[in-house]
Asker: 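Got a structure for you, written out below as structure tokens; questions coming shortly.
Since we're looking at a predicted model, the values are computed, not measured.
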Amino acid sequence: MAGLRERKKEETRRRIAATAWRLFAERGFEAVTVNEIAEAAQVAKATLFSYFPTKESLALQGVGDDDLAGIVTGRAPGSTPLAALRAHFRALAAGPMTGLDPEVLVSRVRVIFDSPALSNATNGLLYQQRERLAQALTAELGERAAVLAAAQISASVVTLQEGFFRRLADGTSPADARARLGEEIELAFDLLTHGLGGPGRHDEHGRRNGHDRHGQDGPAQDNHDGHHGHDQDVQRNQRGQ
């Protein structure tokens, strides 16, 4: 009986969510009321709130769900936080889009982009995600560095996701959008690893000119050869005097 009860609850949850998204796509998030969603889904308003505590939570399922902190804390021994995060997002870009029709995804993206309320709620969820990531990085980096590193990583991830979703909303095919996402993931994590002043420059496809990309992300090594040669010249001139 418990299994049947859980299935019915899940069916109700899905029906409410699907109904809400249909109405949001038709009329926009702000124009739809909770009462209208409950009536269209054939449930009581109290039942709707038992599944979704706010109207925003109906629209933002899955937003901020990437467990960046868990990826960092659960990484393999010897792997850096950036290497683990790069591997995670690289796999997402390369893998199939499962569980959601691309057209449905595009309609949801448009609803979120067009709603100031949802944009603000999204920022709140992403802030919580960033805070959890900072906590996961603190033991290794210290509190101040962890906060700054989490902010840089989170900003890069959000930018990657926004670019991907906007391309879909603008009519780019899912295959082309994912290919572009894969390129930008490599560029973003190269920049996070080496910084803007790191060795080599990046071309428009994210490739590092004159340098091979290493599989392990870590701090860039400064090139001191020029300084070393200069010191030798100074020493020779001093001996000549």
Asker: Quick one: side-chain hydrogen bond (donor to acceptor under 3.5 Å, both in side chains) partners of R13, sequence neighbours excluded?
Answerer: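 Per chain and number, R13 pairs via side-chain hydrogen bond (donor to acceptor under 3.5 Å, both in side chains) with no residue.
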Asker: Apply side-chain hydrogen bond (donor to acceptor under 3.5 Å, both in side chains) to T159 and list each qualifying residue two or more places apart in sequence or on a separate chain.
Answerer: none
Asker: Go through it in stages, so that I can follow the logic: the residues are R132 and L68, the test is side chain to side chain contact (heavy atoms under 4.5 Å, CB included), and I'd like the CA-CA distance, side-chain angles, deciding distance and then a yes or no.
Answerer: CA-CA 8 Å; R132 292 191 295 270; L68 305 185; over 6 Å; no
Asker: Can you pull the side-chain hydrogen bond (donor to acceptor under 3.5 Å, both in side chains) pairs that have at least one residue in residues 111-126, sequence neighbours excluded?
Answerer: E30-S115
Asker: Are F113 and L181 co-members of a hydrophobic cluster defined by side-chain heavy atoms under 4.5 Å apart?
Answerer: yes
Asker: Ignoring hydrogens, what is the shortest heavy-atom contact between Y51 and P53? Give both atom names and the distance.
Answerer: O-CD, 4.0 Å
Asker: Is there a side-chain contact between V157 and L85, using heavy atoms and a 4.5 Å cut-off?
Answerer: no
Asker: With a 6.0 Å cut-off (strictly less than), is the heavy-atom count around CZ of R14, excluding the residue itself, greater than 12?
Answerer: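 At most 12 heavy atoms, drawn from other residues, nucleotides or ligands, come within 6.0 Å of this atom.
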Asker: Just jot down the side-chain contact (heavy atoms from CB on, under 4.5 Å) partners of Q135, sequence neighbours excluded, or say none.
Answerer: none
Asker: Extract all donor-acceptor atom pairs below 3.5 Å that involve side chains of residues 16-24 and protein atoms in other chains or at least two apart in sequence.
Answerer:
residue: T19; atom: OG1; partner: R15; partner atom: O; Å: 2.7
residue: W21; atom: NE1; partner: L58; partner atom: O; Å: 3.4

Asker: Sequence neighbours excluded, which residues qualify as salt bridge (Lys or Arg N to Asp or Glu O under 4.0 Å) partners of E131?
Answerer: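 For E131, no residue satisfies salt bridge (Lys or Arg N to Asp or Glu O under 4.0 Å) once neighbours in sequence are set aside.
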Asker: Can you name the salt bridge (Lys or Arg N to Asp or Glu O under 4.0 Å) partners of E140, sequence neighbours left out?
Answerer: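 For E140, the residues satisfying salt bridge (Lys or Arg N to Asp or Glu O under 4.0 Å) (neighbours in sequence not counted) are R75.
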Asker: Using side-chain contact (heavy atoms from CB on, under 4.5 Å) as the criterion, list what pairs up with T138, not counting sequence neighbours.
Answerer: E143, A146
Asker: Tell me which donor-acceptor pairs under 3.5 Å the side chains of residues 161-175 have, and how far apart each pair is, sequence neighbours excluded?
Answerer:
residue: Q161; atom: NE2; partner: D66; partner atom: OD2; Å: 2.9
residue: R167; atom: NH2; partner: E184; partner atom: OE1; Å: 3.1
residue: T172; atom: OG1; partner: R167; partner atom: O; Å: 3.1
residue: S173; atom: OG; partner: D176; partner atom: N; Å: 3.1
residue: S173; atom: OG; partner: D176; partner atom: OD2; Å: 3.2

Asker: With side chain to side chain contact (heavy atoms under 4.5 Å, CB included) as the test, pick out the partner of R86 among L192, D190, T80.
Answerer: D190
Asker: Assess whether a salt bridge exists between E10 and R5, defined as any Lys/Arg side-chain N lying under 4.0 Å from an Asp/Glu carboxylate O.
Answerer: no
Asker: When you measure from the side chain of E36 to the backbone N and O of T33, does any donor-acceptor pair fall under 3.5 Å?
Answerer: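 It does hold such a pair.
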Asker: Got a sec, which residues hit salt bridge (Lys or Arg N to Asp or Glu O under 4.0 Å) with R110, two or more places apart in sequence or on another chain?
Answerer: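 Scan of R110 (salt bridge (Lys or Arg N to Asp or Glu O under 4.0 Å), adjacent residues dropped) gives none.
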Asker: Is the shortest side-chain heavy-atom distance between L160 and F89 below 4.5 Å?
Answerer: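 Side-chain contact under 4.5 Å: no.
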Asker: Taking it one step at a time, do L137 and L133 satisfy side chain to side chain contact (heavy atoms under 4.5 Å, CB included)?
Answerer: CA-CA 6 Å; L137 293 168; L133 177 59; 4.0 Å; yes
Asker: Is there a path from I153 to I71 through hydrophobic residues (I, L, V, M, F, W, Y) whose side chains come within less than 4.5 Å of each other?
Answerer: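 Linked within one cluster.
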Asker: If the condition is side-chain contact (heavy atoms from CB on, under 4.5 Å), which residues does T54 pass it with, not counting sequence neighbours?
Answerer: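 side-chain contact (heavy atoms from CB on, under 4.5 Å) list for T54, sorted by chain: E56, S57.
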Asker: For A93 versus I185, what's the shortest heavy-atom pair and its separation?
Answerer: CB-CD1, 3.8 Å
Asker: Provide the closest heavy-atom pair for A149 versus L141 in the form atom of the first, atom of the second, distance.
Answerer: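 Minimum heavy-atom separation between A149 and L141: CB-CD1, 3.8 Å.
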Asker: Show me, pair by pair, the donor-acceptor contacts under 3.5 angstrom made by side chains of residues 39-46, not counting sequence neighbours?
Answerer:
none

Asker: Does some side-chain heavy atom of F29 sit less than 4.5 Å from a side-chain heavy atom of K55?
Answerer: yes
Asker: Looking at every non-hydrogen atom in both residues, tell me the closest pair between S154 and R130 and how far apart they are.
Answerer: OG-CG, 3.3 Å
